[in-house]
Number of protein chains: 2
Amino acid sequence: MEPSSSVTLHDVAAEAGVSLATASRVLNGSVRKVAESYRERVMAAAQRLGYAPNLSAQAMAKGRANIVGLLVGDIADPYFSAITAGAMAAAEEAGLVVTVAVTGRDADRELTTVRALKGQRPRAILLAGSRFADATRDDELSAELENFRAGGGRVVFVSQSGLGFDTVRIGNEEAATALGERLAELGYRRVAIIAGPHRLITSTDRARGFTRGFGRGGGDVVTTVRGDFTRDGGFAAGEKLAASGLSDVDLIFATSDIMAVGAMSALRRAGIIPGEHVGVAGFDDISTARDVTPPLTTVAIPLEEIGRSAVTQALLDEPGDSPAPVTGTVLIRESTPART
Amino acid sequence: MEPSSSVTLHDVAAEAGVSLATASRVLNGSVRKVAESYRERVMAAAQRLGYAPNLSAQAMAKGRANIVGLLVGDIADPYFSAITAGAMAAAEEAGLVVTVAVTGRDADRELTTVRALKGQRPRAILLAGSRFADATRDDELSAELENFRAGGGRVVFVSQSGLGFDTVRIGNEEAATALGERLAELGYRRVAIIAGPHRLITSTDRARGFTRGFGRGGGDVVTTVRGDFTRDGGFAAGEKLAASGLSDVDLIFATSDIMAVGAMSALRRAGIIPGEHVGVAGFDDISTARDVTPPLTTVAIPLEEIGRSAVTQALLDEPGDSPAPVTGTVLIRESTPART
DNA sequence: ATGAAAGCGCTAACAA
DNA sequence: TTGTTAGCGCTTTCAT
């Protein structure tokens with residue numbers, strides 16, 4: 001049968017000779033409750049007509065759509081795309097559709113975007129990405145999300161919490177501390193830190209943690225250069241450091257791999273060979289970290305797993321029991337050979 | 001005013017002392033038609049109550065949701081995430097929300113996913129990613145999309161067309177030909193091609209184009225190694241080539257940068273230095289191509305632009321006028337120095 | 001210019 | 001177990 005532009009449940013019910021309610025029960029409603037013979041007839045009719053439920057209608061009738069809204073800073077950033085991949089995998093398993101929106105790592109846009117997402121009445125809203133040091137918008141965001149939760153929606157943050165919602169926390173500071181210690185053990189003593197903007201807590205936490213660990217091992221932070229929390233931001237910071245001569249520095253720590261990778265390119269361009277003239281370390285263990293030369297020392301964060309986790313958390317019966325923070329694993333690679 | 005769990009248009013209308021219809025006209029409906037005084041009162045009421053339209057309800061009333069569904073092979077692949085970024089930017093400008101789904105580069109899953117997306121009654125469905133050589137599912141997919149279009153939805157393919165829908169075409173074969181010619185000019189004569197699975201037309205087109213161009217310049221294809229169209233697939237292929245000794249080969253062309261990058265890592269691991277012992281070239285110009293060592297010769301494809309374009313195309317008044325294919329630009333970098 | 005009311009497709013009481 | 005029916009929130013004729 002040629003499916004007309006849109007087959008409704010009504011059509012299916014008619015075709016099968018049963019009531020709307022019965023058809024609904026068979027195709028979508030709760031399990032077990034319809035006689036096998038009816039069940040089959042409905043299924044057959046649906047099949048024949050090519051019926052597909054109208055999600056908007058379902059959402060309206062149920063008050064909630066089988067959607068999860070995911071906010072990321074920048075989908076083209078491997079950090080976020082890995083988290084997204086994990087979230088989408090888990091969502092698909094749960095029969096949910098994922099709506100993705102980007103915030104550009106900006107608090108205002110984050111707020112706007114949350115509002116837009118709320119309009120879909122999704123089952124959950126997931127906010128991946130750093131919280132902001134400047135809490136200007138936090139009250140508004142909180143209110144917006146609190147209201148969403150009051151309506152039965154679930155909210156899950158990924159990274160830092162602070163606003164009192166469920167959170168898949170990432171142990172940025174601890175892992176960075178461990179990395180700092182290890183690098184100090186390897187003989188590094190004077191580090192230049194490449195960090196993202198002050199307002200990104202993720203970056204700040206990592207820098208602080210690293211500083212502490214490195215300090216414990218007897219190392220010092222010589223300087224900190226800031227830039228966008230992107231590849232190009234890292235590149236620019238790398239150029240700046242290279243221009244300064246790097247005289248007093250034996251190590252560069254960037255608060256994300258993507259910045260580290262950009263910085264390495266800048267260094268090499270300036271004739272400074274990463275891993276040889278100066279050690280370089282990053283954070284995240286994005287795929288590229290293995291493929292640059294030399295392979296990049298970093299902290300592995302199970303990004304995909306975190307994405308899955310966020311969805312799982314959102315689907316749990318009860319909010320409130322945030323799991324323990326995800327821990328990172330220090331990965332020493334050739335970009336930081338032991339200092340003789 | 002404390003926004004109760006959900007403020008409806010009804011509430012706003014009541015608060016403003018106007019009818020539902022008027023409120024609707026002010027807040028969403030077509031422009032100009034409401035007296036300024038009413039207009040203001042409604043706006044104020046909406047503001048005060050924190051009203052946000054329920055998209056599902058709007059979708060139902062209008063028959064179509066302000067959503068665009070985007071299908072990608074793998075969101076963690078920079079090729080797709082760049083396209084996605086572009087599509088999301090354009091969608092946001094148009095006030096549309098983007099639902100993303102992954103196909104895992106599998107025709108069956110692609111079909112399933114299209115069905116799921118259709119349930120949202122989105123304004124458009126965008127299919128990024130290679131078509132499949134094995135057209136087993138093409139009829140079903142066509143039928144599904146044709147039906148979607150019949151209901152007023154728009155369909156846009158990105159890459160190859162073939163199914164008779166609007167397409168943002170990518171000139172893979174032509175650009176690969178140009179690349180092959182250039183590399184032959186540079187003195188390369190014997191290439192090993194690293195390709196994705198046979199079924200991915202994108203990969204096949206690029207390999208064919210390259211072969212032609214390289215042949216024109218007097219070069220030969222010595223061997224072709226296939227693997228997953230991923231970084232790891234490239235790595236595995238690279239290992240295989242390295243193991244074979246690479247005796248008879250002065251160049252490796254991978255049909256995507258991501259494979260090329262993986263292959264470079266494998267080569268280096270085996271003691272073969274890319275750009276020195278053997279030239280390496282890729283395709284796409286993903287961000288990483290600049291950051292590997294040596295920087296990777298490739299064909300630049302304006303991925304973000306393509307994503308934007310797909311959305312723009314979908315929003316055009318009339319289907320059918322697919323723009324000219326997007327052309328790639330050959331970028332010779334240090335991974336393919338001129339052969340002496 | 002404004003309002004009343006009929007749906008849009010589906011679910012979930014409530015009846016039978 | 002199955003069917004009837006009242007909404008869900010919004011848009012859109014059609015009157016007024």
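So that the names make sense, note that chain A is the first sequence line, chain B the second, and so on, each numbered from 1. Worth knowing before you read on, the calculation uses all heavy atoms, side chains too, and leaves out hydrogens, waters and symmetry mates.
- As rounded to whole Å, 13 Å separates atom C1' of C:dG7 from atom NE2 of A:His10.
- Atom CG in B:Asn66 sits roughly 20 Å away from atom P in C:dC8 (whole-Å rounding).
- Of the listed nucleotides (C:dG9, C:dA4, D:dC10), C:dG9 has the atom at the smallest distance from the side chain of A:Thr8.
- For the pair B:Leu27 CG and D:dC10 P, the interatomic distance rounds to 9 Å; values are reported in whole Å.
- When atom types are taken as modelled, the side chain of A:Arg154 and the backbone of A:Leu316 share a donor-acceptor pair closer than 3.5 angstrom.
- Taking atom CE of B:Met60 as the reference point, atom C1' of C:dC8 lies 5 Å away to the nearest angstrom.
- Neither OP1 nor OP2 of D:dC10 sits under 4.0 Å from any side-chain N or O of B:Gln58.
- Toward the 5' end of DNA chain C, the nearer of the two residues A:Leu9 and B:Tyr38, judged by each one's closest nucleotide, is B:Tyr38.
- A donor-acceptor contact closer than 3.5 angstrom is absent between the side chains of A:Gln120 and B:Ser56.
- Put simply, the side chain of B:Asp106 never gets that close to the backbone of B:Thr103: no donor and acceptor are under 3.5 Å apart.
- Atoms CG (A:Leu55) and C1' (C:dG9) sit 11 Å apart, rounded to a whole Å.
- Between C:dT11 and A:Ser24, a contact under 4.0 Å exists linking OP1 or OP2 to a side-chain N or O.
- For D:dT2, the OP1/OP2 oxygens have no side-chain nitrogen or oxygen of A:Thr22 closer than 4.0 Å.
- Between A:Thr202 and A:Ser130, the side chains place a donor N or O and an acceptor N or O closer than 3.5 Å (distance only, hydrogens not considered).
- Nearest nucleotide to the side chain of A:Val34, out of C:dA4, C:dT11, D:dT2: D:dT2.
- The side chain of B:Asn28 has D:dT11 as its nearest neighbour among D:dT11, C:dA4, C:dT11.
- In this structure, A:Leu20 atom CG and C:dA13 atom P are separated by 16 Å, rounded to whole Å.
- As a whole-Å value, the separation of B:Lys62 NZ from D:dT13 P is 12 Å.
- Under 3.5 Å, the side chain of B:Arg121 and the base of C:dG9 form no donor-acceptor pair of N or O atoms.
- Taking atom CG of B:Asn54 as the reference point, atom C1' of D:dT11 lies 13 Å away to the nearest angstrom.
- Checking C:dC10, D:dT4, D:dC8 against every side-chain atom of A:Ala21, the shortest atom distance belongs to D:dT4.
- Inspection of the A:Arg121 and B:Ser6 side chains reveals an N or O donor paired with an N or O acceptor under 3.5 Å.
- For A:Ala35, counting side-chain heavy atoms from C-beta on, the closest listed nucleotide (D:dT2, C:dT11, D:dC10) is D:dT2.
- Distances from the side chain of A:Arg25 to the nucleotides C:dA13, C:dC10, D:dG9 place C:dA13 closest.
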